[in-house]
Amino acid sequence: MRRTDEATNPTIQLHYDHKSIEKKWQDRWEKQRTAEVDLRHSQRKYYMLMMFPYPSGDRLHVGHGRNYILGDALYRYLRMHGKRALNPMGWDAFGLPAENAAIARGVHPTPWTFGNIKVMKEQFRRWGILYDWSKEIASCTPEYYRWNQWLFLKMLEKGIAYKKRAPVNWCPSCNTVLANEQVVDGACERCGTAVVQRDLEQWFFRITDYADRLLAGLDGLDGWPEKVKLMQRNWIGRSEGAEIDFAIAKGDTREADPVEAKITVFTTRPDTLHGATFLVLAPENPRAIELIAEHPERAALEDWIDKVRNTPRIEREGDSSAKEGRPTGRYAINPATGAPIPIWLANYVLPGYGTGAIMAVPAHDARDLAFARQEKLPIRLVYVPENWPVGSSGDSLEEPVLDQGVMRDAPPFDGAEAGPETIQRFIAWFEEMGVGRAKVSYRLRDWLISRQRYWGTPIPIVYCEEHGAQPVPEKDLPVVLPVDVEFTGREGNPLGRVASFVETTCPKCGGPARRETDTMDTFVDSSWYYLRFLSAHDSTKIFDPAIAAKWAPVDQYIGGIEHAILHLLYARFVCRVLHDFGMVPFEEPFTNLFNQGMITRFSEKSGRIEKMSKSRGNTVSPDDLIEQMGADTERVYTLFIGPPDKEAEWSDEAVSGAHRFLSRVWRIGQRLNEAPPIGPADGELERQRHATIQRVTQCMERFAYNTAVAALMELTNALTRALEEKTASRFACEAAFDSLLQLLHPMAPHLTEELWEQRDHIESLLDTSWPEYDEAKIRRARIELVVQVDGKLRDRIEIDADADERQVRAAALASEKVQEHMGGRELAKAVVVPGRLINLVTRR
RNA sequence: GCCGGAGUGGCGAAAUGGUAUACGCAGAGGACUUAAAAUCCUUCGGCCGCAAGGUCAUGCGGGUUCGAGUCCCGCCUCCGGCACCA
């Protein structure tokens, strides 16, 4: 039984003093401004960025830490490869929680936000994360948000920003508009009152004009996860189809009413036109009111339209919600059959998609079939499926016929089969007859940026009685958010009650005017912030195009999957807008994207394993963890917990494994300092050193920090053993230890710097070059080779590494175990995988 | 419903079509200690066997291959996104 030196040598500390070591290095990094980058003179550019956080009142937990620890490990790794990356950090500082805190506690959002920023910045410091703080930004400062306003004006000038009436979520009790996120189960999150739709004048960005470019750009984003690209594709939701015009009939005759305008529908199945037995308009469609103008029960119908309009979106668009409709009493003419078909209004047609009107083809669409059944409307089969009973009508249809069958009674298309060619033939036919055309529709809607909230960027518009909406001239920017505001929480936007803000003069005529009191969606702030880091203190322009051309786009962006759609789509949109303004030479803001997985933990509240969050009460505080075991332990455990892109469950017990590992590294260092080992010059430790450098480097290149840590644990175990058993030379031990410290530095920066300094290296570990390996030194002279018989492992033999196939075969056949399992059968063939195995296949 | 992703020991997990279970946690046994903590050593998928060894096992059922956790086909379960989008 081996005895350990620790037991008899009291001078070696079993655990290291993480508190003083971590403080020492954090102070030094801060004092030396370690991560500062000179944007004008730096030779090699590399821009990495972690999504900037919202400074909420809650301290960051270890789940948040994963993002920043991952990023810092990358930063240090790159730096040791000679790339001094730009790695800035800032604050996404506008948003609702600040306003809610103001209402709840009477604190103004400004000091509240800056207090939170201070706390979070200290947390970053205690994790040992290196940011270039000289470029710090906070989106709630006039120095930042004035450029939101500048961007808005520029977009207004180009017609990309515009105003229109739009339905929004309205709480009748709070008397204010709510963001979608503030509507919980159809009710106001604050007072519980059912939320209704209300039409209001709102500002929009014309993102739908960029739909095709945003879609096409995804194809070139090789550095993005497929999952995110797919989510964006689905969100944009491009559908190819056709628009078809339906004339309105005189009464229920086959004759068109020459006075009435036609109704245009959008469909992805123009080939089913013969089966359209009625039209359906969204009740909100402006044509609905016209069509019921002469209806005997007009008032009741208008009440019903209002009721549908006031139904919350959540309820209306839910899967389980009932279909409800009313006939208008009017008819349209099916251009394929010439037959009059009734026009209905129904809640299952959405006003915002396509033309807000559809042709209903019950035989070939599940929703139309359900509605036709419910209202006893005719069902006409166009595509007849195989084995369809002769003589039976569409009314006996159980399910819609979707992608099969042959067309019948649909001149001139009888015999056609469902598919893209038939659709093209129909579109050509429409164009010939002048009743329709090919059309592409998108699920994506224009970006509504108006918010009836205080804590955001004021929209730089004034309303003049005479001249209407007027942009604030650029020279008058920023429109500063007033500080002297009352937060009562009872009514709408507090800005509306600040007379000194609202009352102004028209920039055109100097007459009395009122300011716009809406503020911008905070996603506007984050849609271009990566460019502001490059000109953080420039008070003359939004950013310097020359610096942006050199440093942007961001080479590596790191953040949570929750931003897969909104933030990343908006940023890609605004980047194209800036490109079209001639301000940046690229269209994609983020070349490579990495989404780290969530950290989960058991929640007492729900009894389930859930995402770590304060509201679920399952957070782990890094403050306590750092106090007890140190930041390096948290860092190593976080990186070791599992593949960084997958979600991972936090284990309080398993953290101690990371701490034990670091303590072992510490003890090796102490031992090397105090009692240099003397052993034989054995190549094995040196071989393992090279093999570990190779493994760790390959792991780090593909963000596989979990297996990189595992490889370092193995090297540590090998080194410990070599020291105890005195099987390696002093030189080999010291070389292995130095490489270990270098490879471990990105994960555990404080401990490794301290040990590096103890070994009398002058240069900081961070400034050393990443160790290199020699493949020749990884190879062994003799290797263990697996021998299979008919694919089953039967023996392992030791053999020269450079033995040729004939020698390998002879050695394998010489094995007694192999002979036994071959059972006298003849050898059919032998498959040799060099360096690994030989498979002897017998003839059976 | 549509589109993704994932199912491997008691647990977190590893594995370019080539030795399944590396690394770590927990457990068991031991050393040191008056004792505990810490540290160190050994052991640790199931079944059969004193052992050597055999055999089964990567959600389930098939297939391709000398060889499948990995590739193909068909299912099951869980997670995520979208969802009355015509």
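Below, chain A is the first sequence line, B the second, and so on; all start at residue 1.
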Choose from [options] the nucleotide whose nearest atom is closest to any side-chain atom of [X].
| X | options | answer |
| --- | --- | --- |
| A/V841 | B/C23, B/C66, B/A86 | B/C66 |
| A/L350 | B/U55, B/A86, B/U39 | B/A86 |
| A/R664 | B/C3, B/A22, B/C40 | B/C40 |
| A/R660 | B/G81, B/U42, B/C25 | B/C25 |
| A/R721 | B/G53, B/C3, B/C41 | B/C41 |
| A/N347 | B/G54, B/A86, B/C84 | B/C84 |
| A/N717 | B/C84, B/C23, B/C56 | B/C23 |
| A/R794 | B/C25, B/U55, B/C82 | B/U55 |

Please measure how far the [atom1] atom in [N] lies from the corresponding atom in [M], and state the result in whole Å.
| N | M | atom1 | result |
| --- | --- | --- | --- |
| B/A38 | B/G45 | P | 25 Å |
| B/C44 | B/A22 | C1' | 15 Å |
| B/C32 | B/G59 | C1' | 46 Å |
| B/G9 | B/A15 | C1' | 15 Å |
| B/G61 | B/G10 | C1' | 28 Å |
| B/U64 | B/A52 | P | 37 Å |
| B/G69 | B/A20 | C1' | 8 Å |
| B/U39 | B/G53 | C1' | 37 Å |

Under 4.0 Å between a Lys/Arg side-chain N and an Asp/Glu carboxylate O for [X] and [Y]?
| X | Y | answer |
| --- | --- | --- |
| A/E820 | A/R794 | no |
| A/R782 | A/E798 | yes |
| A/R780 | A/E684 | yes |
| A/K229 | A/E226 | yes |
| A/E724 | A/K726 | no |

Practice task
By nearest nucleotide on RNA chain B, pick out whichever of A/N234 and A/M598 is the more 5' one.
Solution key: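 The residue closer to the strand's 5' end, by nearest nucleotide, is A/N234.
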Exercise for the section: Identify, between A/T720 and A/V349, the residue whose nearest nucleotide on RNA chain B lies closer to the 5' end. Expected result: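 Looking at the nearest nucleotide for each, A/T720 comes out on the 5' side.
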Using a heavy-atom cut-off of under 4.0 Å over every strand shown, decide if [X] touches base, sugar-phosphate, or nothing.
| X | result |
| --- | --- |
| A/K323 | base |
| A/H659 | nothing |
| A/S441 | nothing |

With both distances under 3.5 Å as the test, what is the Watson-Crick or G-U wobble partner of [N]?
| N | result |
| --- | --- |
| B/G27 | B/U43 |
| B/G49 | none |
| B/G74 | B/C60 |
| B/U21 | none |
| B/U65 | none |

With no hydrogens and no angle check, do the side chains of [X] and [Y] hold a donor and an acceptor under 3.5 Å apart?
| X | Y | value |
| --- | --- | --- |
| A/E324 | A/N347 | no |
| A/R689 | A/S739 | yes |
| A/T422 | A/D271 | no |

Exercise for the section: Report the distance from atom CD of A/E226 to atom P of B/A6, rounded to the nearest whole Å. Expected result: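 One finds 13 Å between P of B/A6 and CD of A/E226, rounded.
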Handout entry: Protein proximity profile, nucleotides 11-21 of chain B - base contact B, sugar-phosphate-only contact S, no contact -, cut-off 4.0 Å on heavy atoms
Key = -BSSS--BB--
Problem - All pairs passing salt bridge (charged side-chain N to carboxylate O under 4.0 Å, His left out) where residues 690-716 of chain A contributes a residue, at least two apart - result: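 Every salt bridge (charged side-chain N to carboxylate O under 4.0 Å, His left out) pair that includes a residue of residues 690-716 of chain A, provided the two are not neighbours, is A/R695-A/E714.
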